[in-house]
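Following: one structure in structure tokens, then a few remarks.
In listed order, ligands and their atoms are each counted from 1.
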Amino acid sequence: MLEGKNINLRIMEKEDLPLWAEWVNNLEIYGEYLPLRQRSKTDLEKQYDKSPPEAKRFFIEKKDGTKVGGIIHFPVGELLEIGFALIPSEKGKGYCSEATMIIVDYLFLSRDIVRIQAYTDVRNVASQKVLEKAGFKREGVIRKSMFIRGEWRDRYLYSILREEWKEPKILTQTTSQS
Ligand SMILES: CC(C)(COP(=O)(O)OP(=O)(O)OC[C@H]1O[C@@H](n2cnc3c(N)ncnc32)[C@H](O)[C@@H]1OP(=O)(O)O)[C@@H](O)C(=O)NCCC(=O)NCCS
């Protein structure tokens, strides 16, 4: 488990897939800026089984263990990308900003990488704030790069380089608690 101040990140196990399936198929959780795709538990199980080591999903948990969202990292060619979402009732409390700082600390501390990237719909101001608070910089607009709710949308590409990160912001310890 990756321990933060107000939340922890707990790696998702195979037995957590039913909850994950519930969330990824819930349009209120995915929000209006992510693709409208429904995925069966079987599809998610297959995806889980063939995921490379560089692709991991974490639950964002409050300190009492309540699961409030998810954050993932996955490879894109030789690069690593992240993505996140929260359940609607827990938005606006700073949880995703903290989760993003933790995953950035974790990835730079655990891997010899120079860059982490993320895409966000140009209208998704909350997501852009989360990334900027965690030290990501906007690189540019990737035009008509995702089909969302019937339209090809422009997205911003963000990244943080190792030299911009410099040192851990939040992650102080990991535990094997389950
Ligand atoms: C994007 C998302 C993860 C943000 O999570 P969160 O925990 O609410 O974010 P935080 O509370 O850490 O910070 C959000 C910031 O955006 C601001 N914000 C929230 N909604 C906003 C809006 N509609 N317009 C402008 N700013 C907004 C908050 O005030 C806060 O800014 P502040 O720290 O300066 O006060 C959440 O809104 C979500 O799950 N959205 C649906 C899924 C999604 O879009 N994922 C991102 C895909 S790239």
Can you find a side-chain donor-acceptor pair between Asn8 and Lys63 that sits under 3.5 Å? yes
Hey, is Arg123 close enough to Asp121 for a salt bridge, meaning N to O under 4.0 Å? yes
Just by modelled atom types, is the Ile142 backbone N or O under 3.5 Å from a matching donor or acceptor in the Ser145 side chain? yes
What ring pair (Phe, Tyr, Trp, His ring centres under 6.0 Å) pairs are there with at least one residue in residues 11-52, not counting sequence neighbours? Trp20-Phe59, Trp23-Phe59
By ring pair (Phe, Tyr, Trp, His ring centres under 6.0 Å), Phe108 pairs with (sequence neighbours left out) Trp165
Of all pairs that satisfy salt bridge (Lys or Arg N to Asp or Glu O under 4.0 Å), the ones with a partner from residues 33-50, not counting sequence neighbours: Lys14-Asp49
Distances for all N or O pairs of ligand 1 and the protein under 3.5 Å?
| from | atom 1 | to | atom 2 | distance (Å) |
| --- | --- | --- | --- | --- |
| ligand 1 | 7 (O) | Cys96 | N | 3.1 |
| ligand 1 | 8 (O) | Gly92 | N | 2.6 |
| ligand 1 | 11 (O) | Lys93 | N | 3.3 |
| ligand 1 | 11 (O) | Gly94 | N | 2.8 |
| ligand 1 | 12 (O) | Ser97 | N | 3.0 |
| ligand 1 | 12 (O) | Ser97 | OG | 2.6 |
| ligand 1 | 33 (O) | Lys133 | NZ | 2.3 |
| ligand 1 | 39 (O) | Leu86 | N | 2.8 |
| ligand 1 | 44 (O) | Asn124 | ND2 | 2.8 |
| ligand 1 | 45 (N) | Phe84 | O | 2.7 |

